[in-house]
Amino acid sequence: MGDELFQAMAQSVIDGEVEEAQRLAREALEQGIDPLEAINKGFVVGVNYVGDQYAAGEMFLPDLVLAGEAMKAAVGVLEPELARRGTEREMLGTVVIGTIEGDIHDIGKTLVATMLSTAGFKVYDLGVDVPVPTFVEKAREVGADIVGVSALLTTTMVKQRDVVEALDDAGLRPRVKVIVGGAPVTQGWADEIGADGYSEDAIGAVALAKRLVGAE
Amino acid sequence: MVRRIKSISDPRISLNILSPEDVQRIHTATLDIIESVGVRFPSHKALDIWEAHGATVDRDTMVVKAPGHLIEEALKKAPPVYTLAARDPEQDLPLDGNHVYVGTDGCGVQVIDLETGELRRSRLQDVAEIARVADYVEEIAFHWTPVSAQDCPPHTRSLHEIRVIWENSTKHVQTESIYSEEEARAAVEMAAVIAGGKEELRKRPVLSIMQCTTPPLGQDGGSLEAALVAAEAGLPVGFMTMTSCASTAPATLAGNLVVGNAEVISALALIQLAHPGAPVFYAAAQTAMDLRTGGYTGGGPEDFLFGGATNVLADFYNVPLSMGSFATGAKEPNWQAGVDNSLSTLMACISMSDMLLGVGLLHGSRIWSYEQMLMDCEIFDIVYHMMKGIVVNDETLALDVIRAVGPGGNFLAQKHTKKHMRELWVPQFMDRRPYSEWEKKRDGPRDWAREKARKILATHEPEPLDPKVSAELKRIIASLEK
Ligand code: B12
């Protein structure tokens, strides 16, 4: 019975049960269920539920992150079959994100990356202390729509401008949009360096990214 | 004209927060983690030191696994007592376990302008002006670089900052904004100019350095190398963990303490291995992640408990503690700021944390407010008075006076009253006026604090720094700017 399986899939995401989500994904494959359908009618339903509950203040950030992990794990199981059928899951866009060179603050950047990925973006997280050229190379390599640069220090924030300029020089802008954030960063700073967007938090970053790729 | 420094000593109230068995369990668990999981030290210099002392070093992951006895023996070399020296020796701060000193908070990025009230980016002039006000205020014992001089070049910014603090104050300077070897070398050189030579500096460290660890279970390479340079020169060096329940540490408080403790004691052990006997301190500002936003909270019951508990750990290792308090997440000086900063400070003081950091910043250490600065000082003053406790003796029982007044009557005209009334607390900023007066003026603590800050800035002239010394400091900085 597909419906029950779909429900169980949604529930595994809501509970943040990574192994259970993978098991259900394998079961779907064994039953010959279309993997895209498993994602859209099963796992995504769970993600959306958690998102709504989070927005309502009933669920918390760890719920959201674990739901994202379960979803990612399930999609990982389904991916080979998706590829075989030529029915790649449609993503909202591709994002390259990292914390700029000289800066090791990790939490906010990772949160933004997780939320973007849960919202349906393909995300490449370059980690912390990322040199300016690495942003450019990765953006070119994966055909990024958006480059996200996090900086939490006033001394490293100035290099956000370098990323904007380097993407200009590489001829990747204006196609590739640059978004910035972090403790000392403000909308005023984003405007000053010619970035395409700023957000003060991860929820805002998702809305911003969606707007920039025309998904909202 | 020496300005007195107000510090808590001879406390008469105490706290029972971690039992000796609790501390032993946290310590054992910490050593287990350092030995079996390891701590990341992303600096080849640091890894070389660990390797030379027999720790297991993975050069790829830069993770160090050190046996418990290595850590314990290294920590035993740390001096339990030493002094933070000031430009003015009368303002020296002995870290002897019997004093609690307050500093300004550090590295803010925006300032609420004292004249216009507008929120704007911080600059060098702010560092100088805040230092001048802090020089005047007796609750403030030492400086942290309060905000960042964003109008100075990034690679010498931290040096301009300490220069203008010295130019505006005779009190001890501690910085958290030096995290590269090059800057640390220049800072040591500058401090030696202030102290009157390298050897004098070793005896009278007018500068101390605070670094952050990188939770979970990591250090920052630049910070480590800067700390090694400072320790070699005899400057006191501290490592601060900011482990956060549910994001960079377990959700449980004890687990948080273990992760943070592993970071701090492994870093302090490294310094002792490299420079045995160098003055070091434990530093901490643990917290719990805000469950809704993932944000840094800077307040709440977990922070307050950490504030009370951490000095028990630092005492166990017999090193001074610098504890984060006054760390409110409030956006302006308001109820939240009052609650956060009072409770965090009370808890950290009751356990006699040696240094408290620090007054003046809002929004999770991001926005400088002079009003908050002075109101935070008043919070400390309240705690200062509470820590004197209730003294019970013949004089304080005052039986003769009670007999003299008898039932009814009052104590206003008693000599005993006049003798002791100044022991009672008198606020600067609490509003205790009649309602009608408030109704007429509609002003309050924030307005009075702002007025006081303006007045200090307009009138206080700190003991000037010898222009030759100042020029020498500028020369050292300029040599890095070529
Ligand atoms: C936790 C913390 C640390 C931890 C980080 C742990 C880790 N694993 O990441 C540790 C202890 C390691 C640390 C180290 C240091 N820190 Co620190 N740190 C903080 C603190 C308290 C909270 C940061 C945080 O995690 N917040 C929670 C997350 C969820 O929020 P967030 O990072 O702001 O991210 C959100 C938004 O900004 C936004 N966002 C973030 N990135 C991006 C990117 C994009 C593209 C977008 C759209 C949005 C976006 O969305 C995020 C999610 O909502 C801040 C103060 C503060 N209140 O911000 C200081 C702070 C940033 N640190 C500061 C400093 C000075 C340091 C050190 C230099 C101290 C030292 N001497 O060692 C070192 C840095 C060394 C280095 N080379 O980087 C200063 C910087 C100020 C300045 N003037 O530059 C601050 C402001 C505190 C202060 N006043 O001292 N720090």
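The figures that follow rest on heavy atoms only: side chains count, while hydrogens, waters and symmetry mates do not. In what follows, every chain begins at residue 1, and chains take the letters A, B, ... in the order their sequences are listed.
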Review point. When rounded to the nearest 0.5 angstrom, what distance separates CG in A:L36 from CD in A:E90?
Key: 9.0 Å

Practice item. Any chance you could measure A:T94, atom OG1, to A:F121, atom CZ, to the nearest 0.5 Å? Key: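 Going from OG1 on A:T94 over to CZ on A:F121, the span is 9.0 Å.
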
Only pairs under 3.5 Å, no angle test: what donor-acceptor pairs are there between chain A and chain B?
unit_1	atom_1	unit_2	atom_2	d
A:Y54	OH	B:R292	O	2.1
A:L61	N	B:L291	O	2.9
A:T154	O	B:R157	NH1	3.3
A:T154	OG1	B:R157	NH1	3.2
A:T155	OG1	B:Y179	OH	3.0
A:E192	OE1	B:R121	NH2	3.2

Review point. Take atom CZ in A:F60; do more than 12 heavy atoms of anything else shown fall under 6.0 Å from it?
Key: yes

Less than 4.5 Å apart, side chain to side chain, heavy atoms only: is that true for [X] and [Y]?
| X | Y | result |
| --- | --- | --- |
| A:V178 | A:F135 | no |
| B:V64 | B:V39 | no |
| A:V75 | A:E79 | yes |
| A:V164 | A:V180 | no |
| B:V127 | B:I165 | yes |
| B:L228 | B:I271 | yes |

Check your understanding: Which of residues 19-27 of chain A have a heavy atom under 4.5 Å from any heavy atom of chain B?
Key ->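 If one takes a 4.5 Å heavy-atom cut-off, no residue of residues 19-27 of chain A lies near chain B.
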
**Study point:** Any residue meeting salt bridge (charged side-chain N to carboxylate O under 4.0 Å, His left out) with A:K122, in chain and number order, not counting sequence neighbours
**Key:** none

Measure [X] against the heavy atoms of chain B and call it side chain, backbone, both or neither at under 4.5 Å.
| X | value |
| --- | --- |
| A:L153 | side chain |
| A:L61 | both |
| A:M59 | neither |

Exercise for review: Not counting sequence neighbours, list each pair that qualifies as a salt bridge (Lys or Arg N to Asp or Glu O under 4.0 Å) and has a residue in residues 146-156 of chain A.
Suggested key: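 Found none.
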
